[in-house]
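Here's the structure, in structure tokens; my notes come after.
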Amino acid sequence: MIGGCRFTKITPMRRSLNEFSSTVAKAAVAAGYPQAPATELADAAILLYAHGYDGLTAVLAALNGGMPAPPRPEGNDLWFKDGNAAVSGLAAAEVVLVTGGCARFAALESPILLLGLVALAATHYAAAYHLVFSSGGNADELSIPAGDYLLAENRRMPPPGCEAVLTRLQSAAAVPAIAWPEGISVDEARWQTVADLAAQTYVVANDESRSADAGAGEIDND
Amino acid sequence: MNRQAATAASRQMRLARLGAFYPTRLSFMRILLRALAAAQAQVSRPRWMIDDNGFGHAVYTVHINGSDYSLVAFSHALAPEQRSDRVIAEAWDTTYALYDGVPTAATISRLAATVPRQEGGRYSARELVLSRANKSVRFFEHTVARLAAGRQPAGGLISSVGYLMRTTAVYGNGKFGIADYAAIRRRPLFQAPFQAELLAVWLIREFTFDLAEHLAAQRAPQTAVKLAPAVRRYLGIGNATGLGMAPFLVSHPHLLHQWLTVRNTALNTVLANTAAAPAQRLCQLLARARRHVAQWSVADQRQQARIETLRDELAALNDQLTPHWLAQPAAGRRLYALAQHYSYECQELITALLLETDAGVNALGAQLSSDETPVLQPAMTVAQLQQLISDNFAWALDIDYRETAQSKQFWYVSAEKLEPRLGDRYKTAGCDKELPLDIARRVKQLAAALAEAPPQCSIAEFLLTRPAQRYAVLRVQTQAQYPYAEIQDNLIGEQCLPIDMLRLKLSFFGACRFDPKSDLWTRIALFQGAPDRATLHADNADDWWLPVYEDNSDAPLAE
């Protein structure tokens with residue numbers, strides 16, 4: 001087990017899954033992510049929450065980092081050098097699935113997000129992955145169907161700046177069914193950051209848009 | 001997808017046709033009321049705290065399958081100048097929450113503090129639906145006055161308005177903190193789409209009846225009467241619907257496919273069953289459809305012209321249905337074939353009529369929902385994806401989106417109460433915040449990007465350096481599996497009429513009397529002709545397709 005930060009559960013304010021998902025995806029679009037990766041970030045965050053981890057913090061880190069640079073191919077392997085490369089976790093998992101190669105991540109700023117996105121891939125493709133985090137000479141090997149890892153109580157997360165190697169596991173147990181939470185408790189200040197970002201995808205209204213773009217009068221009695 | 005399925009989808013998935021759909025026996029409202037009746041649901045009104053002026057609160061509880069669902073209704077004073085159908089309104093005549101269980105006094109107090117604020121409040125997962133409704137200025141007071149005088153409302157108004165109140169929003173699925181659909185979808189009552197929302201609307205309809213009768217009784221206790229059963233049955237709930245309905249159809253491609261597939265399966269079942277459409281029933285339903293269409297008049301010129309054409313076409317069809325013609329085998333199939341010579345309105349009405357002849361297709365309603373979420377197929381090659389685009393999106397590739405007319409409109413969310421709107425790309429600021437409803441344009445951009453990639457490259461590798469194409473790739477792959485997933489029109493083109501998207505979705509809800517107020521906005525009636533809580537278990541409870549008001553009263557039609 002490598003040392004590192006422990007992702008704590010933060011509680012005060014409940015948001016429905018739909019609110020969480022749509023707001024996070026909009027925030028990601030506002031931060032410059034294309035539509036599908038933005039939605040997938042939100043899905044990964046919910047998956048993390050479903051297993052008791054603070055998915056919002058993981059996403060916030062990604063939103064600050066922006067879309068990472070593409071990886072450098074080396075034979076069947078991919079090298080991700082960008083610190084925010086965790087965002088490419090789902091795409092990397094798909095390539096690993098298809099080629100049988102591996103994806104190497106250097107200096108990951110958000111290892112938990114990588115875990116969430118690889119777990120999302122495991123869910124999508126009923127596939128199994130092997131993920132090794134290493135930092136300062138210590139290594140932590142994980143097998144995913146990530147349920148094994150994500151469901152483990154008191155699992156310590158690798159620290160920011162760690163390295164990771166992702167490969168496909170040929171034999172695997174079935175991905176465990178997830179019990180979706182009835183809403184997500186989030187820290188209000190962090191949520192407000194995401195909501196403010198999401199609000200950047202809204203268009204400011206004026207008199208013309210209020211009528212012409214909605215096709216209706218403001219007072220419509222009959 | 002085979003060629004035959006692709007061809008059938010390309011014929012059906014055009015907005016001009018989809019925008020002519022009618023409610024059917026598989027519409028979500030019909031499914032809801034059948035489910036309530038089948039489970040012997042009991043509806044009670046455990047709380048009625050409405051004052052002499054009609055203000056206060058009430059609770060309606062549905063007891064079904066061991067569960068309780070309660071509509072908590074609030075009625076407020078509202079200045080006429082505040083009464084607006086727009087989502088941007090801040091006050092309403094009535095506001096509602098559908099509560100999971102029977103609310104305690106403390107719960108009602110909590111809801112009383114938030115529900116009247118609607119979007120301005122925060123809610124718990126015990127609230128399933130949030131809604132509001134305004135009185136019809138033309139009809140509500142008229143009805144109260146007539147009932148107080150011991151008379152029924154005027155037949156002409158009953159027919160032309162058709163409801164006492166109009167809902168202006170019905171929120172479900174997690175909005176403002178209410179329960180996610182995922183949390184309730186396993187419950188038998190809520191397995192078909194939008195059942196919680198429609199249960200709320202049906203109970204709101206009950207409240208509108210009770211409120212009008214209550215006010216009449218307060219006004220003139222000695223003379224007041226209740227709504228006649230026939231009037232009560234005919235009156236529905238109005239609804240004012242804007243663009244909020246439209247993005248759902250694009251963001252849920254697999255669900256759209258399910259809805260169309262179920263509808264087509266039902267039609268094919270009816271057409272294949274030569275015994276399913278007895279001549280008498282066909283004639284009866286065609287006569288009803290003609291009366292319904294005769295009572296359907298709107299101010300919108302485009303729709304009114306379509307209605308008038310439809311009236312002529314239905315008359316022409318009726319002329320064909322001679323005793324000799326009806327005596328021949330497979331009358332339903334022949335009627336369907338005849339209708340194909342007429343307008344989309346006529347074709348789609350006849351489709352809905354044929355479905356109405358066969359209650360056996362009701363079971364297909366269970367397939368209207370889906371747990372599946374389409375996911376990427378990363379092992380597909382670039383060449384294979386190109387072939388899918390060529391096979392299924394030729395219509396999108398033929399469009400030149402550099403032409404102003406082909407990219408004239410853009411969909412966006414207004415900061416004003418998050419109302420979806422449709423702007424002119426060349427006039428309105430904000431197209432940098434465009435919603436991803438430009439599927440056709442995106443697929444064409446994808447095709448151009450694919451042309452630059454090695455044909456045997458996997459899609460996973462292709463996307464690694466082109467993450468912006470993931471969305472379009474998923475749309476193409478999804479459509480290949482689910483041929484009815486995509487509306488096959490340019491949704492940002494100048495010619496696109498969002499009203500057609502609204503009608504498509506609303507027809508699946510079971511709405512009728514589409515009354516467009518613009519290309520972006522329509523009024524409709526929900527639950528018109530449906531049983532109320534007193535008649536839910538009657539023999540004819542499910543027979544309310546295309547309702548007709550039969551004015552048997554001797555009351556004058558105008559005041």
Side-chain angles (χ1 to χ4, degrees), chain A residues 13-22 26 29-30 33-40 43 67-68 70-71 73 78 87-88 90-99 121 123-125 180-183 199-206 208-210 212-222, chain B residues 80-81 83-86 88-89 124-125 134 136-138 161 173-183 240 242-243 375-376 378-379 412-416 418-419 421-424 427-430 433 436 458-461 463-465 467-471 473-474 498 517-521:
Chain A
M13 187 156 190
R14 178 192 161 275
R15 297 283 159 180
S16 72
L17 295 184
N18 193 28
E19 279 182 298
F20 183 91
S21 173
S22 60
K26 286 174 188 170
V29 168
Y33 287 95
Q35 186 66 38
T39 304
E40 290 154 2
D43 292 345
M67 199 70 202
L78 300 169
V87 169
S88 302
L90 178 56
E94 288 164 351
V95 173
V96 164
L97 189 70
V98 170
T99 66
T123 305
H124 282 184
Y125 306 118
W180 294 107
E182 280 199 4
Q200 293 178 21
T201 63
Y202 308 143
V203 176
V204 175
N206 56 36
E208 188 175 352
S209 75
R210 198 169 291 127
D213 294 0
E218 288 179 46
I219 299 295
D220 201 17
N221 288 337
D222 83 338
Chain B
E81 64 272 18
R83 188 173 291 111
S84 167
D85 282 0
R86 294 288 299 277
I88 56 177
S124 80
N134 286 334
S136 164
V137 172
R138 278 186 291 167
V161 179
N173 192 17
K175 290 283 175 65
F176 320 112
I178 66 177
D180 283 299
Y181 178 53
L243 292 178
V375 296
L376 208 77
Y412 68 89
V413 174
S414 169
E416 204 165 39
L418 308 192
E419 183 179 51
R421 292 179 184 171
L422 189 63
D424 182 328
K427 287 183 183 169
T428 309
K433 297 169 181 176
S458 72
I459 288 305
E461 292 165 291
L463 289 174
L464 207 51
T465 54
Q469 300 293 349
R470 285 184 72 90
Y471 183 70
V473 168
L474 187 56
K517 297 300 177 187
S518 74
D519 290 343
L520 316 179
W521 185 257

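Hydrogens, waters and symmetry mates play no part in the numbers below; they use all other heavy atoms, side chains included. So that the names make sense, note that chain A is the first sequence line, chain B the second, and so on, each numbered from 1.
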At a 4.5 Å cut-off on heavy atoms, which part of B:E419 comes close to chain A: side chain, backbone, both, or neither? side chain

Of all heavy-atom pairs linking A:A93 and A:A121, the shortest is CB-CB, 3.5 Å

Looking only at B:Y471, B:F176, B:Y412, the option with the highest number of non-hydrogen pairs under 4.5 Å against chain A is B:Y412

Let's test your reading of the structure: which of A:M67, A:E19, A:H124, A:E40 forms the most heavy-atom pairs below 4.5 Å with chain B? A:E19

Inspect the surroundings of CD in A:E182 and state if more than 12 heavy atoms from other residues, nucleotides or ligands are less than 6.0 Å away. no

Against chain A, label B:I178 side chain, backbone, both or neither, depending on which of its atoms sit under 4.5 Å from a heavy atom there. backbone

Do A:V203 and B:R421 touch side chain to side chain, with heavy atoms closer than 4.5 Å? no

Check: A:T123 and A:D43 side chains under 4.5 Å, non-hydrogen atoms: no

So what's closer than 4.5 Å to chain A heavy atoms on B:N173: side chain, backbone, both or neither? both

Can you tell me which portion of A:A38 sits under 4.5 Å from chain B's heavy atoms? Options are side chain, backbone, both or neither. neither

Donor-acceptor contact below 3.5 Å, side chain A:R14 vs main chain B:G177: yes

Among B:A125, B:S124, B:A182, B:A89, the residue with the most heavy-atom pairs under 4.5 Å to chain A is B:A125

Toward chain A, the part of B:A429 with a non-hydrogen atom under 4.5 Å: backbone

In terms of heavy-atom pairs under 4.5 Å, which option from B:P436, B:S458, B:G242 contacts chain A the most? B:P436

Measure distances from B:L243 to the heavy atoms of chain A and classify the residue's part below 4.5 Å as side chain, backbone, both or neither. side chain

If I measure from the heavy atoms of chain B, does A:S88 come under 4.5 Å with its side chain, its backbone, both, or neither? neither

Per-residue tally against chain B (heavy atom, under 4.5 Å) across A:G183, A:S22, A:P71, A:A30 peaks at A:P71

Expected output: side-chain A:N18 to main-chain B:K175 donor-acceptor under 3.5 Å: no

Please look at B:S414 and chain A and tell me whether the side chain, the backbone, both or neither of the residue comes under 4.5 angstrom of a heavy atom of that chain. both

Specify the closest pair of heavy atoms between B:P378 and A:L97, including all atoms of both residues, with the distance to one decimal. CG-CD2, 4.1 Å

Tell me the closest heavy-atom pair linking A:D213 and B:G423, and the distance in Å. OD2-CA, 3.6 Å

